[in-house]
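Before any comments, here is the structure.
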Amino acid sequence: MKPNIFDISTKELSQDAFLAWLIKWGDTDNERYNSELYSCAQKFIRTLINTSFPSFTESIYKVEASRQWNNIDVWAKINDKYLIIIEDKTYSKRHSGQLTRYKEFAQKWCDEQEPRFEKPICIYLKTGNESKNSLKKVIEKGYDIYGRVDFLDLLNFHDVNSDIYNDFKTRLSRIEAANHQWEEKTVETWKWHDWQGFYQYLENEIDLVGWDFVNNPNGGFWNAVINWSHWGIYPAYIQTEQNKLCFKISTDPKSVTLPEGKKRGQVRNELSRLILKSAKEKGIESIKRPKRFGNGKYMTVAVVHCKDWFGNEKKVINKEEVKNRILFFKNFLLETIK
């Protein structure tokens with residue numbers, strides 16, 4: 001395979017550099033060097049501005065762009081009138097209130113300019129995967145999402161003679177292709193991108209609460225939270241831990257206060273007995289007691305093993321059957337705890 005600089009330099013800082021580089025090509029002085037790259041940059045800038053100013057049709061003639069300004073990943077000043085700030089993410093997510101801080105800083109800067117800049121254009125650019133629920137929270141912070149497919153549509157539309165440009169496009173295309181291979185691979189060969197692709201399918205088919213990576217001493221796993229319902233005061237829900245389906249309960253102090261004298265273990269055992277009793281009465285033999293009980297904020301009270309909901313790991317997944325089994329167990333839980 002032809003060497004690709006973005007296969008070697010995979011960090012977000014490298015992507016930051018590409019974004020700033022591409023945007024800078026949108027200045028009119030650069031058309032003479034590479035007209036197609038200039039055209040692509042102009043379209044990219046216009047698309048970003050249109051997220052906040054849909055009627056924007058002005059000529060783009062002056063472009064400044066760079067990285068790491070007050071911790072903002074990428075910034076661009078257009079025509080001495082528009083400020084674009086980009087929070088650039090590959091596989092990480094927003095954290096520590098950073099989006100609010102960056103937007104407030106950008107707004108203050110725009111207000112202090114003479115003549116004053118328009119309101120800042122805040123972009124959350126994501127080339128990895130992130131759940132819809134997580135992205136919804138980004139939008140609530142006042143950011144517009146520019147995703148991998150959006151970027152590929154732009155890059156594929158322009159035939160640019162540039163190794164940097166084409167290396168980035170190739171790298172992004174491979175990530176997108178990998179995101180869909182789970183439908184053709186045996187489950188036992190799935191990697192992290194396969195689980196992400198599968199969870200994206202699920203969130204489009206059923207109303208997932210969300211999905212994410214859970215880090216632990218054993219290397220972690222990709223989980224999807226199917227529902228977030230309540231058994232009395234306690235959140236009770238189903239969570240996939242890759243190919244394991246778990247019935248769980250939350251005693252997280254942030255969402256529930258244990259009654260005086262009540263222990264976590266007691267609550268866990270009570271719900272476990274209720275679920276197992278209900279499963280036995282309904283003849284659902286696939287719902288089992290876990291091998292051992294935990295005693296944390298989030299505890300597993302019953303499990304369904306891989307073969308009973310996900311299928312044979314040595315075969316390609318039947319996604320419709322898996323989806324329907326998830327809905328079956330979700331409905332069972334809702335009926336049991338009502």
Side-chain angles (χ1 to χ4, degrees), residues 89 91-101 129-141 192 195-196 198-200 202-203 206-279 287-305 309 326-338:
K89 298 294 187 186
Y91 305 113
S92 63
K93 299 195 306 181
R94 72 195 191 288
H95 59 83
S96 309
Q98 59 179 173
L99 298 185
T100 299
R101 290 198 308 275
N129 295 319
E130 195 166 333
S131 74
K132 284 184 176 181
N133 187 54
S134 180
L135 292 176
K136 180 181 177 182
K137 294 175 181 176
V138 170
I139 294 170
E140 290 170 355
K141 297 293 183 183
W192 60 267
W195 288 106
Q196 291 179 35
F198 171 61
Y199 289 153
Q200 285 179 312
L202 280 184
E203 72 181 353
I206 59 179
D207 191 20
L208 288 186
V209 174
W211 54 267
D212 208 345
F213 183 74
V214 177
N215 203 0
N216 63 26
N218 296 322
F221 58 87
W222 286 94
N223 82 321
V225 178
I226 307 302
N227 68 295
W228 193 261
S229 308
H230 280 80
W231 174 58
I233 63 172
Y234 306 102
Y237 59 102
I238 292 177
Q239 172 177 292
T240 71
E241 297 180 0
Q242 294 188 181
N243 57 11
K244 185 167 69 171
L245 192 72
C246 302
F247 291 82
K248 302 184 77 77
I249 189 167
S250 169
T251 57
D252 186 346
K254 293 179 181 178
S255 59
V256 63
T257 301
L258 286 171
E260 188 175 352
K262 198 84 166 181
K263 302 293 185 182
R264 285 177 176 169
Q266 291 176 267
V267 178
R268 175 202 64 209
N269 292 343
E270 287 172 13
L271 181 58
S272 180
R273 285 194 293 267
L274 175 63
I275 288 175
L276 295 175
K277 180 175 180 289
S278 180
I287 299 178
K288 311 283 188 184
R289 184 181 187 276
K291 288 183 179 179
R292 66 178 185 83
F293 283 121
N295 196 33
K297 297 176 183 177
Y298 308 98
M299 297 173 286
T300 299
V301 298
V303 297
V304 180
H305 296 301
W309 78 279
I326 289 174
L327 291 174
F328 170 81
F329 289 115
K330 175 185 174 182
N331 290 333
F332 162 81
L333 176 62
L334 296 180
E335 290 174 3
T336 300
I337 64 175
K338 66 182 179 181

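Computed from a predicted structure; not experimentally measured.
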(message) Parallel, tilted or perpendicular, judged at 30° and 60°: which one describes the rings of Trp195 and Phe198?
(response) perpendicular

(request) With the side chain counted from C-beta on, respond yes when Leu333 and Ser229 share a heavy-atom pair under 4.5 Å apart, and no when they do not. (result) no

(request) Check the pair Leu208 / Asn133 against side chain to side chain contact (heavy atoms under 4.5 Å, CB included), numbers first and verdict last. (result) CA-CA 8 Å; Leu208 288 186; Asn133 187 54; over 6 Å; no

(message) Apply side chain to side chain contact (heavy atoms under 4.5 Å, CB included) to residues Phe329 and Phe247 and explain how you reach the verdict.
(response) CA-CA 9 Å; Phe329 289 115; Phe247 291 82; 4.1 Å; yes

(request) Check whether more than 12 heavy atoms from other residues, nucleotides or ligands sit under 6.0 Å from atom NZ of Lys89, and answer yes or no. (result) yes

(message) Checking Tyr199 against Asn129 for the side chain to side chain contact (heavy atoms under 4.5 Å, CB included) test, could you report, in this order, the C-alpha distance in whole Å, the side-chain angles of both residues, the deciding distance, and whether it holds?
(response) CA-CA 10 Å; Tyr199 289 153; Asn129 295 319; over 6 Å; no

(request) Run the numbers on Leu202 and Trp211 for side chain to side chain contact (heavy atoms under 4.5 Å, CB included), then give the verdict. (result) CA-CA 10 Å; Leu202 280 184; Trp211 54 267; over 6 Å; no

(request) Mark yes when over 12 heavy atoms from residues, nucleotides or ligands other than Lys141 sit less than 6.0 Å from its NZ; otherwise mark no. (result) no

(request) Indicate yes or no: at least one non-hydrogen side-chain atom of Ile287 is less than 4.5 angstrom from one of Phe332. (result) yes

(request) Flag the pair Tyr234 / Ile337 as yes when at least one side-chain heavy-atom distance between them is below 4.5 Å, and no otherwise. (result) no

(message) With a sphere of 6.0 Å drawn around NZ of Lys263, does it hold more than 12 non-hydrogen atoms of other residues, nucleotides or ligands?
(response) no

(request) Report yes or no: does Arg289 contribute a side-chain atom to a donor-acceptor pair with the main-chain N or O of Leu276 at less than 3.5 Å? (result) no

(message) Between Phe213 and Gln196, is there a side-chain heavy-atom distance shorter than 4.5 Å?
(response) no

(request) Please check if atom CG in Asn216 has more than 12 non-hydrogen atoms from other residues, nucleotides or ligands closer than 6.0 Å. (result) yes

(message) Is the shortest side-chain heavy-atom distance between Ile249 and Arg264 below 4.5 Å?
(response) no

(message) Minimum heavy-atom separation for Val303 and Cys246, please, with both atom names.
(response) CG1-SG, 4.3 Å

(request) State, to 0.1 Å, how close Thr257 and Ile233 come at their nearest heavy-atom pair, and which atoms those are. (result) O-CD1, 3.6 Å

(request) Kindly say whether Asp252 contributes a backbone atom to a donor-acceptor pair with the side chain of Ser255 at under 3.5 angstrom? (result) yes

(request) Could you check if a side-chain atom of Gln239 sits within less than 4.5 angstrom of a side-chain atom of Tyr298, using non-hydrogen atoms only? (result) no

(request) Examine the side chains of Thr300 and Lys248 and answer whether a donor and an acceptor come within less than 3.5 Å of each other. (result) yes

